Amino acid sequence: MENINRLLKPVVTVVLTIAVILTIYTYYAYLNQYPTADQQQFSLARFNDFRKDFRQINFSEGSNLSFILVTLPGSVLDRLLKSDHLPGDKLFGNISYNEVYAFTFFQVTFSLLFLLYAGLLLGKALQLKLKQDGWLYLFMLLLIMNYPILKGDIKVLKYDAFSILCSFIAVLHYILYKQCKRKISFILSILFCALAFIEKDTTIITFFSILFVELIYVSLLSVPLKEAIRRYLKFLLISILIFFITTAALVPQFWFNPGKLTEVFISLPFQAKAMDLKNVMIILFLAILYFLGSRLIVLQPEVTYSCLKKINFRLVLLVCGFAFLLIFISAVLYQTNNMYGMHYADMALKQKVSDGACYATPELANLSISTLDSSSLLTRVKICYNIFRVIAYSVPELISILFFLSPFILLLGVKYKLYENTTLLKYFIAFPLLLFLSYFIFQPPINFKYLIPVVLLIIAFIFYIMIRFFTGENPFYKYRFVIIILFSALLIRPAVVSFPHYLCHMSIFRNTNLENSDYLDMNIYSEWTWVGWGETAGACFKYIEDHSKGEVKVLHDYVLPFSFSKRIKPHFSVQGRNRYLAFLKKDLKEMLKQLRDADIEYILISKNVAYRGSISNYIMNRYRRNAVFADKVGGIEYGWVFKTADISKAVEQTFPE
């Protein structure tokens, strides 16, 4: 077998190298040819405001790291391209010029550099040698870079790309600091926390998580209490100092008005959900008192370690393994949504909430979610369960399977003593768990894309526990190259089916028919799995362009494509987008009459509006089969094109005069 391995290693290395190069290509392929409201109406507007007068930029709106890495070089490139190209002109290959292309090019480029840096950090933490273990580095990059939703986020001009990656790097630097005790790793960890924060303020959770983990670590040190307090206060003060220095140095608004630096926390999600920052600080202070007090009274380090030794970790892993397995099985067998949208709900449901028959905290109500329980705890547990099982639907199949089997993999590793000489396992478990709970407690995630940092840490955890099987003495070691080949093959499907946009990946475990019909019930929260921002206009307009002649008028309900034929005349309508409006047949008939009178031939309905607009929702429920075109991304329908004449005829048959 070793002879075969010697032959396989160079082959695997070459194949993985080619796969990584092709993966990098997919980040640039069709770059920003898919319009979204976020980049056109918000991100691009922020960039233009920064170019006009950076001193007037509101810090809390985000993109402050993007201003430096994307806006400045992007503006130069855009001016060069704009001088010779009009929107829609081919630049090269499958890339056309548009108003956001130059900026997205630099966002993708720097994001790939961040991903490469994260891979090097993770390899260093695992004590891999670049020359000797290059094939493992390549495999790790394939795992991280072929997470479709992350790739989709990076290809859309938005602050999520840098904030996610900087958060990931911050945690990896902290883990590296715990391994090697080098001060530079600690400094870089907090620095990247600040970079993530100035890009998107919700990532302050990463900073707090690091402070929390360090607090637990210090409280369990075998040192006198006074020394433990001194060490943590030193860590805390230096962290805060680095955090604020980085923020002040990289946000130009503060250069001219240093007093505004105190406003950096003004729009944190804690306040947006009626959770005052003062209360958060009180909770943090009480947590510190609790840990230090409990250490003084009960949890002396030697007592704690003695108790830990008595725990049967094999039994714990076995219980966790069966729990994970049950969650995975339930995710596959039970895919119905039980989250209800308070803004979309009918009057009977609203009455239940007002009467106290079902529970909705202010933050949950603001997020339009309830599960119709009278118990606060049960509501949160259900939402937690819903979000947790989406891991089975939204991450690549390989990652999903390995994650839900991870307790059993750890159990196998314990059997072969693969984790005895490492202190990092607890950190690779703690951070994804802590971040998940933090997001869940402080800002209940209503859409899985907000948990991408957690999934990245899950991928790092999976790679960590698997790497021991490829580098240590165990029965699997001699088959390491065969296993890597099989694992790499499992990454092909998500990479192919989501190409080239990646915003709406669903694994084979998700019922696509259910995903495509869930949004039609306006009483339930329909965004809980699908990830996009209504980016369907490009494909729909292309269909109309290919199937029409002469001037053609189109009614659309969301963003326009970056470019389209001049003979297509778009008309925007916000009709029916009010969640509170009840459907009335006279409104539908009146709208169709207006369209006929205006000679509007096509109606474009996007998923972004179909789940919340009364008339659009009615059309989709009753006349979906009449659509002449459905835009699909990764098997998920995102937009539909109807002919006005077809809908008018169908409505007349349903509601004859």
Side-chain angles (χ1 to χ4, degrees), residues 27 30-51 57-58 60-67 69-71 74 78 87 98-108 110-111 148-165 196 198-203 267 269 272 367-368 394 443 445-453 498 500-505 526-540 556-563 572 574 577 604 606-612 631 633-634 636 638-639:
Y27 276 81
Y30 296 95
L31 183 56
N32 236 290
Q33 307 309 303
Y34 212 33
T36 70
D38 280 59
Q39 58 191 358
Q40 290 176 283
Q41 298 173 12
F42 303 110
S43 296
L44 187 60
R46 283 197 295 269
F47 288 3
N48 289 332
D49 289 343
F50 180 81
R51 288 193 289 180
I57 293 295
N58 186 347
S60 62
E61 290 182 356
S63 298
N64 293 283
L65 181 59
S66 291
F67 291 152
L69 299 182
V70 174
T71 306
D78 188 57
N98 57 57
E99 58 186 351
V100 298
Y101 170 74
F103 302 106
T104 315
F105 172 81
F106 284 103
Q107 177 174 288
V108 168
F110 280 107
S111 294
I149 297 173
L150 171 67
K151 194 184 299 187
D153 249 357
I154 288 173
K155 293 180 71 170
V156 170
L157 191 64
K158 201 170 183 286
Y159 45 46
D160 291 279
F162 289 165
S163 62
I164 289 167
L165 297 175
I198 65 175
E199 185 70 1
K200 188 176 183 181
D201 54 15
T202 55
T203 56
S267 65
L367 293 174
S368 307
S394 298
Q443 51 172 74
I446 59 172
N447 194 305
F448 192 72
K449 65 188 175 191
Y450 298 119
L451 288 180
I452 294 176
S498 299
H501 309 300
Y502 302 99
L503 289 168
C504 199
H505 170 73
S526 58
E527 277 187 63
W528 76 296
T529 52
W530 59 274
V531 181
W533 297 271
E535 57 288 77
T536 193
C540 291
H556 69 99
D557 60 7
Y558 212 58
V559 295
L560 285 171
F562 289 112
S563 61
F572 178 69
V574 295
R577 286 184 62 179
L604 194 160
S606 66
K607 189 171 185 177
N608 191 283
V609 174
Y611 80 96
R612 55 180 171 162
D631 174 33
V633 183
I636 307 300
Y638 254 54

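In this text, all values refer to a predicted model and were calculated from it rather than measured experimentally.
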Q) Considering only heavy atoms from C-beta outward, does the side chain of Val633 approach that of Leu503 to under 4.5 Å? A) no
Q: Tell me, please, which residues at least two apart from Glu199 pass side chain to side chain donor-acceptor pair (under 3.5 Å).
A: Ser66
Q) Under the ring pair (Phe, Tyr, Trp, His ring centres under 6.0 Å) test, which residues partner His505, sequence neighbours left out? A) none
Q: Looking only at non-hydrogen atoms, find the nearest pair between Lys155 and Thr104 and report the distance.
A: O-CG2, 3.3 Å
(Q) Could you walk me through whether Leu165 and Ile154 satisfy the side chain to side chain contact (heavy atoms under 4.5 Å, CB included) test, starting with their C-alpha distance in whole Å, then the side-chain angles of each, then the deciding distance to 0.1 Å, before giving a yes or no? (A) CA-CA 10 Å; Leu165 297 175; Ile154 288 173; 4.2 Å; yes
Q | Distance-minimising heavy-atom pair for Gly152 and Tyr502 | A | N-CB, 3.6 Å
Q | Closest contact, heavy atoms only, Leu560 versus Pro35 | A | O-CB, 3.5 Å
Q.
Using every non-hydrogen atom in the two residues, find where Asn64 and Ile198 come nearest and quote the distance to one decimal.
A. ND2-O, 2.7 Å
Q | Separation of Phe162 CZ from Asp153 CG (nearest 0.5 Å) | A | 12.0 Å
Q) Listed by chain and number, what are the salt bridge (Lys or Arg N to Asp or Glu O under 4.0 Å) partners of Asp49, not counting sequence neighbours? A) none
Q. Are Leu31 and Tyr101 close enough that some pair of their side-chain heavy atoms sits under 4.5 Å apart?
A. yes
Q | Partners meeting side chain to side chain donor-acceptor pair (under 3.5 Å) with Thr71 (sequence neighbours left out) | A | none
Q) What's the spacing between Asp557 CG and Lys607 NZ if we round to 0.5 Å? A) 14.0 Å
Q. Rounded to the nearest 0.5 Å, how far does CG of Asn48 lie from CZ of Phe103?
A. 6.5 Å
Q: Could you tell me whether Tyr30 atom OH has more than 12 heavy atoms of other residues or ligands within 6.0 Å of it?
A: no
Q. Taking all non-hydrogen atoms of both residues, which atom of Leu69 and which atom of Phe110 are closest, and how far apart?
A. O-CE1, 3.1 Å
Q) So how far is it from Phe562 CZ to Gln40 CD, rounded to the nearest 0.5 Å? A) 4.5 Å
Q | Heavy-atom pair with the smallest gap, counting every atom of Thr529 and Ser394 | A | O-OG, 4.4 Å
Q.
So, using ring pair (Phe, Tyr, Trp, His ring centres under 6.0 Å) as the criterion, who are the partners of Tyr159 when residues are at least two apart?
A. none
Q: Kindly determine whether Thr536 and Leu604 satisfy side chain to side chain contact (heavy atoms under 4.5 Å, CB included), including the steps that lead there.
A: CA-CA 9 Å; Thr536 193; Leu604 194 160; 4.3 Å; yes
**Q.** Close side-chain approach of Phe42 to Lys158, heavy-atom, < 4.5 Å
**A.** no
(Q) Below 30° counts as parallel, above 60° as perpendicular, anything between as tilted: where do the rings of Phe572 and His556 land? (A) tilted
Q) Heavy-atom distance under 4.5 Å between the side chains of Phe47 and Val70, does that happen here? A) yes
Q) With Lys200, which residues qualify under salt bridge (Lys or Arg N to Asp or Glu O under 4.0 Å), at least two apart? A) Asp160
